[in-house]
**Q** 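Take a look at this one; I'll ask things after.
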Number of protein chains: 2
Amino acid sequence: MISQTLEYALRAVVTIAQHEGHPCTAKQIAEITQVPAPYLSKLMQRLVRAGVVHSQRGLHGGFVLAEEPCELTIWKVVDAVEPFQRIHECPLGIKSHDSTLCPLHRRLDRAMEMVQELFCSTTIADVLAEPGAVTPLCQEKKTFMINANIKSLKHSAEESGKKKTKKKRTPAAE
Amino acid sequence: MISQTLEYALRAVVTIAQHEGHPCTAKQIAEITQVPAPYLSKLMQRLVRAGVVHSQRGLHGGFVLAEEPCELTIWKVVDAVEPFQRIHECPLGIKSHDSTLCPLHRRLDRAMEMVQELFCSTTIADVLAEPGAVTPLCQEKKTFMINANIKSLKHSAEESGKKKTKKKRTPAAE
DNA sequence: GTCATTTAGGATAAGTTGATCTTGAACTCC
DNA sequence: GGAGTTCAAGATCAACTTATCCTAAATGAC
């Protein structure tokens with residue numbers, strides 16, 4: 001229900017927010033978020049074009065958030081990578097349903113509306129600040145996280161042998 | 001966010017419920033729901049295997065609901081055609097996150113949980129009974145609907161020249 | 001200016017979903 | 001049992017999503 005690409009984008013944005021102050025390179029983000037590097041690269045381009053992040057080429061370049069984490073909602077990221085298809089008119093083309101959707105489509109749209117509301121009311125800062133929680137996306141505890149990540153990146157980036165995990169998406173768990 | 005196939009399945013189930021008492025053929029359902037007939041046929045097979053509807057071959061055969069509309073929830077249909085992927089463990093494989101998801105994944109899962117709750121609490125009967133509403137999926141007012149549909153089907157089925165509309169899915173509206 | 005670094009963009013491939021077609025099997029009616 | 005009706009199943013195709021690769025363009029350090 002939540003696409004792979006959207007999940008990737010959110011991971012990336014959270015990662016950049018965690019390293020506020022200096023840009024993250026696509027390679028760094030890819031390692032932390034465990035997203036295939038070439039694909040992440042494309043995805044970052046989308047985020048740049050949508051104005052969610054800014055990019056900077058060259059040495060010490062990378063990506064930074066275009067907004068403060070407390071201003072950037074999950075919704076904005078969703079909207080950037082794959083705009084939600086709210087149901088605004090009858091999918092069957094029944095004209096009389098365009099003003100008032102039929103009960104079925106009203107409910108489907110209501111479901112999407114609820115998700116939209118939740119996403120609109122959640123900022124990246126909210127995700128980072130979650131009290132008592134484990135750190136988003138990373139093993140370490142909150143305080144140590146940033147330095148730990150940066151250091152481990154510096155190292156692992158050197159030899160980054162491409163480890164093809166080839167993990168097949170589990171088709172159903174529920 | 002809600003897949004084409006799921007939408008088709010719900011249209012089909014609602015249509016069958018609207019014609020309770022006698023089976024609907026795949027052809028009839030396809031016309032009413034405006035779903036490509038061969039595809040609907042495959043989809044109905046899935047619903048049969050999942051136990052949402054029963055099928056009957058031969059003259060006067062077709063599909064009927066396996067449960068009363070007031071017992072059949074939208075959720076059961078969802079679960080039959082494409083089981084929701086709730087997030088039960090950390091998608092990044094971080095072991096310490098499996099018991100308590102990180103804030104990001106917790107929120108994504110929460111969004112899905114909300115939708116699940118809404119779908120679980122809505123039955124097909126609810127959809128049909130919506131007060132004051134237009135009839136699900138069809139132009140006519142509630143009382144006239146059933147006969148009108150059946151009759152118009154009898155006619156249009158005769159000459160049903162395959163009209164290739166080839167309507168491209170509108171990529172984004174929101 | 002040159003070089004290492006880093007993003008941008010195009011072309012392409014693999015995998016999944018959406019859609020079609022054809023044949024076979026079950027059922028009703030006569 | 002034969003004819004007409006209707007679902008079942010397999011093979012196939014098209015479109016979209018996910019993923020990869022390679023080359024170009026921008027940037028900063030020297």
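Here is how names work: the chains are called A, B, and so on, in the same order as the sequence lines, proteins then strands, and each is numbered from 1.
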**Q** Applying side chain to side chain donor-acceptor pair (under 3.5 Å), can you list everything that pairs with A:Glu67, at least two apart in sequence or on another chain?
**A**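 Here the qualifying residues are A:Lys76.
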
**Q** Rounded off to whole Å, could you give me the NZ-to-C1' distance for the B:Lys27 and C:dT20 pair?
**A** 16 Å

**Q** Check whether the side chain of B:Lys42 and the base of C:dG18 form a donor-acceptor pair under 3.5 Å.
**A**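 Checked by distance alone, the answer is no.
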
**Q** Carefully, step by step, assess A:His54 and A:Leu65 under the rule side chain to side chain contact (heavy atoms under 4.5 Å, CB included).
**A** CA-CA 6 Å; A:His54 288 153; A:Leu65 294 188; over 6 Å; no

**Q** Sequence neighbours left out, what passes side chain to side chain donor-acceptor pair (under 3.5 Å) with A:Arg49? Give chain and number order.
**A** none

**Q** Atom CD1 of B:Ile2 to atom P of C:dG18: distance rounded to whole Å?
**A** 13 Å

**Q** Tell me every residue that passes side chain to side chain donor-acceptor pair (under 3.5 Å) with A:Arg110, counting only those two or more places apart in sequence or in another chain.
**A**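 For A:Arg110 the side chain to side chain donor-acceptor pair (under 3.5 Å) partners, ignoring immediate neighbours, are A:Glu113.
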
**Q** If each of A:Gly61 and A:Arg49 is mapped to the nucleotide of DNA chain C with the nearest heavy atom, which maps nearer the 5' terminus, i.e. the 5' end?
**A**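 Result: A:Gly61.
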
**Q** Taking only the side-chain heavy atoms of B:Thr5 (C-beta and beyond), determine which of C:dA8, C:dG18, D:dT20 contains the nearest atom.
**A**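 Closest of the options to the side chain of B:Thr5: C:dG18.
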
**Q** Using OP1 and OP2 only, check whether a side-chain N or O of B:Ser55 sits under 4.0 Å from D:dA8.
**A**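 Answer yes for this pair, as a side-chain N or O of B:Ser55 is under 4.0 Å from OP1 or OP2.
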
**Q** Does A:Arg46 reach a base, just sugar-phosphate, or nothing at all? Heavy atoms under 4.0 Å.
**A** nothing

**Q** Measure the distance from CE on A:Met44 to P on C:dG9 and round it to the nearest whole Å.
**A** 14 Å

**Q** Is a salt bridge present between A:Glu31 and A:Lys27, judged by a nitrogen-to-oxygen distance below 4.0 Å?
**A**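 A:Lys27 and A:Glu31: not salt-bridged.
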
**Q** Counting only side-chain nitrogens and oxygens, does B:Gln4 get under 4.0 Å of the OP1 or OP2 atom of C:dT17?
**A**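 Answer no for this pair, as no side-chain N or O of B:Gln4 is under 4.0 Å from OP1 or OP2.
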
**Q** Give one of base, sugar-phosphate or nothing for A:Pro38, where a contact means two heavy atoms less than 4.0 Å apart.
**A** base

**Q** What's the OH-P distance between B:Tyr39 and D:dC7, to the nearest Å?
**A** 18 Å

**Q** Rounded off to whole Å, could you give me the CZ-to-C1' distance for the B:Phe63 and D:dT5 pair?
**A** 13 Å

**Q** What string of B, S and - do you get for nucleotides 22-30 of chain D, 5' to 3', if B is base contact, S is sugar-phosphate-only contact and - is no contact with any protein heavy atom under 4.0 Å?
**A** ---BBBSS-

**Q** According to side-chain hydrogen bond (donor to acceptor under 3.5 Å, both in side chains), does anything in residues 55-66 of chain A pair up with another residue at least two apart or in another chain? List the pairs.
**A**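 Non-adjacent pairs meeting side-chain hydrogen bond (donor to acceptor under 3.5 Å, both in side chains): zero.
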
**Q** When the distance from NE2 of B:His54 to C1' of D:dT6 is rounded to whole Å, what number comes out?
**A**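 In whole Å, D:dT6 C1' lies 17 Å from B:His54 NE2.
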
**Q** In whole angstroms, how far is the P atom of C:dA8 from the CG atom of A:Leu40?
**A**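 Result: 11 Å.
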
**Q** Which whole-number value in Å describes the distance from B:Glu82 CD to D:dT17 P?
**A** 14 Å

**Q** Regarding B:Ser3, tell me which of base, sugar-phosphate or nothing describes its non-hydrogen contacts under 4.0 Å with the strands shown.
**A** sugar-phosphate

**Q** Quick one: on DNA chain D, does B:Ala26 or A:Val35 contact a more 5' nucleotide (nearest heavy atom)?
**A** B:Ala26

**Q** Side chain to side chain donor-acceptor pair (under 3.5 Å) with B:Thr5: which residues, sequence neighbours excluded?
**A** B:Tyr39

